[in-house]
Amino acid sequence: MYLREPLTQLLASPDTIFSMADKMDEKKVTPRSQDFAAWYNDLIIRAELADYSPVRGCIVFRPDGFAIWENLRDELDRRIRQTGARNAYFPLFIPQSFLKKEAEHVEGFAPEVAVVTHGGGKQLEEPLIVRPTSETIINHMFAQWIHSYRDLPLMINQWCNVVRWEMRTRPFLRTAEFLWQEGHTAHATRQEAEHETLLMLEVYRSFVEDFLAIPLIAGRKSAAERFPGAEQTYTIESLMPDGRALQCGTSHYLGQNFAKAFDIRFLDENNELQHPHQTSWGVSTRLLGAIVMSHGDDQGLRLPPSVASTQVVIVPIWRKAGETAKVLSVARDLAGKLTDAGLRVKNDEREGVTPGFKFNDWEMRGVPLRLEIGPRDVAAGEVVAARRDIPGPPGKSKVQLAEIVTSVRAMLGQIQANLYRQAKAQVDSNTRQFDDYAQLRAQMEDEGGGGFAELYWCGNARCETRIREETRATCRAIPLNQSPDQNGRCIVCREPAAERAFFAKAY
RNA sequence: CGGGGCGUGGCGCAGCCUGGUAGCGCACACGCUUGGGGUGCGUGUGGUCGCCGGUUCAAAUCCGGCCGCCCCGACCA
């Protein structure tokens with residue numbers, strides 16, 4: 001399904017000297033500027049984050065890729081628990097009839113649902129679907145657990161896999177099976193549920209920006225982009241360097257739609273039967289794709305220290321046999337000191353590969369900080385530190401061994417902040433305001449994704465549809481808390497428009 | 001489902017036109033060498049050429065059928 005090697009060689013101009021080009025391609029990934037999609041695929045394979053599987057649309061998470069997910073998951077899980085939600089686990093299989101209970105929900109998901117028709121060698125009485133999301137089965141259980149306002153709020157989160165039979169898949173960004181967390185809550189009042197929806201949006205926003213160093217626009221979705229069955233969908237959207245937007249997480253206010261469909265009722269303080277107001281919210285392994293694209297360069301991955309499986313790699317260097325023991329001893333001592341300080345450290349003592357090879361290897365894998373230590377450094381009581389966020393000689397500096405822990409901690413903090421700064425600059429330079437529809441169309445026709453377009457939109461679906469059909473850009477987010485503008489005019493119909501929206505071509 | 005392309009060691013490809021029993025690069029293993037930015041050399045492992053059938057003394061190569069995959073389109077939080 002995916003091309004293991006990019007099409008770039010096939011697409012290369014006929015006068016390319018293949019014998020030379022091939023030699024280069026074996027060592028380097030496809031340059032990002034040349035073919036963004038090929039660069040992305042190359043990086044994932046070469047950095048050993050994931051591999052293709054024999055099953056169409058499904059990928060294997062290799063240890064280095066899964067470690068990023070684990071680090072990300074542990075931190076987000078901690079933040080989710082802080083809001084009061086608790087983890088639980090619901091079945092992978094859901095009775096097919098459940099999906100049909102909420103009209104919009106079934107319409108939205110039925111086409112991409114996998115169905116199990118046989119088990120134990122027999123045809124099942126009722127087919128089971130493999131969950132594409134768990135609203136139905138969780139609300140079925142909520143109906144049995146909720147009786148009184150004293151049972152509310154009920155806040156459940158689960159980490160699991162889900163399956164959506166996508167027609168077109170890409171590693172991390174859209175796979176048939178993916179890992180995610182899905183939160184589901186039920187509240188006594190609309191206000192409480194709406195507050196929860198926005199609270200979780202803010203949890204996601206701060207988590208992705210601070211921990212993953214990915215700049216975002218937070219806002220609500222247009223009616224057309226809403227989750228099937230939701231009253232309101234909120235989103236965090238990022239912009240990839242190729243100018244296409246990536247939805248990084250969503251939080252939905254479900255109103256009473258599912259409560260009514262699944263007959264969830266409780267007695268309030270006045271002994272009156274009420275349907276609770278609900279929310280659901282989730283982020284997925286798609287975030288790994290966002291990390292790769294937002295930070296990576298032609299040398300490979302660039303991982304924020306917060307999620308990197310290895311934060312610091314030590315490369316010992318020696319020339320003569322007599323130097324080896326001394327260098328290794330200092331390197332090991334250094335690794336121990338940093339590990340004791342709570343850092344994730346690797347000491348690369350491989351023989352038979354040159355230091356230069358190791359430098360490139362660890363840069364490909366995105367390790368934020370490399371410490372080179374050779375005979376000269378040992379003699380001087382220092383190491384050479386090379387920052388992954390600053391390529392080449394400018395990123396190198398000498399650090400005294402005596403103050404190594406403090407220095408490394410400081411540099412990791414600087415790298416985390418700088419990766420965000422670089423990504424933000426990239427997004428800002430690709431975000432434009434438009435007041436003229438012809439200019440918007442021209443921008444979106446350009447090669448590449450077209451970037452974020454910030455514009456006034458009246459909110460009418462007809463104008464939104466026209467933009468989508470004529471520019472292929474969709475409404476990604478309508479930022480929250482805008483101060484109403486009396487002078488705004490819809491970019492399409494010129495009617496008064498109170499709010500600005502961000503449009504972009506999306507993944 | 002419509003249009004286009006491709007199936008040859010793990011990966012990328014050549015060989016096919018003009019049949020003679022498979023080759024190159026990378027990767028991998030071993031040895032020496034090298035080591036502060038992807039060292040160099042040597043030796044070696046690994047393939048019923050997508051599948052089935054036909055033609056022929058002989059098929060990766062020619063003929064027929066089938067299967068699979070990829071790209072574009074349709075579709076899609």
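Note on naming: letters A, B, ... go to the chains in the order of the sequence lines (proteins, then strands), and numbering restarts at 1 for each one.
None of Phe258(A), Phe262(A), Phe98(A) except one satisfies the ring pair (Phe, Tyr, Trp, His ring centres under 6.0 Å) rule with His140(A); the exception is Phe98(A). Gln247(A) pairs with exactly one of Glu225(A), Arg286(A), Lys221(A) by the side-chain hydrogen bond (donor to acceptor under 3.5 Å, both in side chains) rule, that one being Lys221(A).
Residue contacts for Arg370(A): at a heavy-atom cut-off of 4.0 Å it reaches a base atom on one of the strands shown. Residue contacts shown for Phe359(A) include a base, since a base heavy atom lies under 4.0 Å away. In this structure, Val353(A) reaches the bases: a heavy-atom distance under 4.0 Å links it to at least one base atom across the strands shown. Contact annotation for Trp180(A): base contact, defined as any heavy-atom pair under 4.0 Å involving a base atom. In this structure, Glu112(A) reaches the sugar-phosphate backbone alone: every heavy-atom distance under 4.0 Å involves primed, P, OP1 or OP2 atoms, never a base.
Atom CD of Glu470(A) has more than 12 heavy atoms from other residues, nucleotides or ligands within 6.0 Å. Within 6.0 Å of CZ in Arg319(A) there are 12 or fewer heavy atoms belonging to other residues, nucleotides or ligands.
Regarding Tyr52(A), its OH atom lies at a distance of 15 Å from the C1' atom of G10(B), rounded to whole Å. The CD atom of Glu48(A) sits 14 Å away from the C1' atom of C11(B) (whole-angstrom rounding). A77(B) atom C1' lies 9 Å from atom CD of Glu166(A), rounded to whole Å. Between the C1' atom of A77(B) and the CZ atom of Phe109(A) lies a distance of 6 Å, rounded to the nearest Å. Atom CD of Glu469(A) is separated from atom P of C75(B) by 10 Å (rounded to the nearest Å). Look at CG on Asp348(A): it is 15 Å from P on G38(B), rounded to the nearest Å. Rounded to whole Å, atom P of G35(B) lies 22 Å from atom NZ of Lys326(A). Going from atom NZ of Lys320(A) over to atom P of G36(B) covers 14 Å, rounded to whole Å.
Side-chain atoms of Gln422(A) come within 3.5 Å of backbone atoms of Asp389(A) as a donor-acceptor pair (strictly under, hydrogens ignored). Listed for the Tyr204(A) side chain is a donor-acceptor partner under 3.5 Å among the backbone atoms of Gly282(A).
In this structure, C26(B) and G10(B) make a Watson-Crick or G-U wobble pair, each of the two defining distances being under 3.5 angstrom. Using Watson-Crick or G-U wobble geometry with both donor-acceptor distances under 3.5 Å, G35(B) finds no partner in any strand shown. Nucleotide C1(B) forms a Watson-Crick or G-U wobble pair with G73(B), both donor-acceptor distances falling under 3.5 Å. When both pairing distances are held under 3.5 Å, U21(B) makes no Watson-Crick or G-U pair with any nucleotide shown.
Comparing G44(B) with C24(B), their P atoms sit 12 Å apart, to the nearest whole Å. One P atom belongs to C16(B), the other to G3(B), and the distance between them is 30 Å to the nearest Å. Between U8(B) and G12(B), the two P atoms lie 8 Å apart (nearest whole Å). G9(B) and G5(B): their C1' atoms are spaced 24 Å apart (whole Å). Using C1' as the reference atom, U48(B) and A22(B) are 13 Å apart when rounded to the nearest Å. Taking the C1' atom of each, C75(B) and C1(B) are spaced 12 Å apart, rounded to whole Å. Taking atom C1' in both G7(B) and G47(B), the straight-line distance is 14 Å, to the nearest Å. One C1' atom belongs to C41(B), the other to G46(B), and the distance between them is 22 Å to the nearest Å.
Taking the charged nitrogens against the carboxylate oxygens, Glu209(A) and Arg205(A) do have a contact shorter than 4.0 Å, which makes a salt bridge.
Taking every heavy atom of residues 231-260 of chain A and every atom of RNA chain B, pairs under 4.0 Å involve Gln247(A), Thr250(A), by number. In the region residues 375-396 of chain A, proximity to RNA chain B at under 4.0 angstrom, judged on heavy atoms, holds for Pro375(A), Arg376(A), Asp377(A), Val384(A), Lys396(A).
One N or O donor and one acceptor, one from the side chain of Arg164(A) and one from the base of A77(B), sit under 3.5 Å apart. For Arg168(A) and G73(B), a side-chain-to-base donor-acceptor distance below 3.5 Å is absent, hydrogens and geometry of angles not being considered.
With G38(B), A77(B), G35(B) as the candidates, the nucleotide lying closest to the side chain of Glu225(A) is A77(B). With G37(B), G36(B), U39(B) as the candidates, the nucleotide lying closest to the side chain of Ile317(A) is G36(B). Considering only side-chain atoms of Trp318(A), the nucleotide from U39(B), G35(B), C76(B) that sits closest is G35(B). The listed nucleotides are G37(B), G73(B), G36(B); the one nearest the side chain of Arg472(A) is G73(B).
Classification of the Trp180(A)-Phe178(A) ring pair by plane angle, with boundaries at 30° and 60°, yields perpendicular. Taking the six-membered ring where tryptophan is involved, the planes of Phe172(A) and Phe61(A) are tilted, since the angle between them lies from 30° to 60°.
Stacking of Arg174(A) on the aromatic ring of Tyr507(A) is not recorded, the 6.0 Å distance cut-off and the 45° axial limit not both being met. Figure legend: cation-pi geometry between Arg370(A) and Trp362(A) absent, as NZ or CZ is not positioned both under 6.0 Å from the six-membered ring centre and within 45° of its axis.
Between Val315(A) and Lys358(A) the shortest heavy-atom distance is CG1-CD, 3.9 Å.
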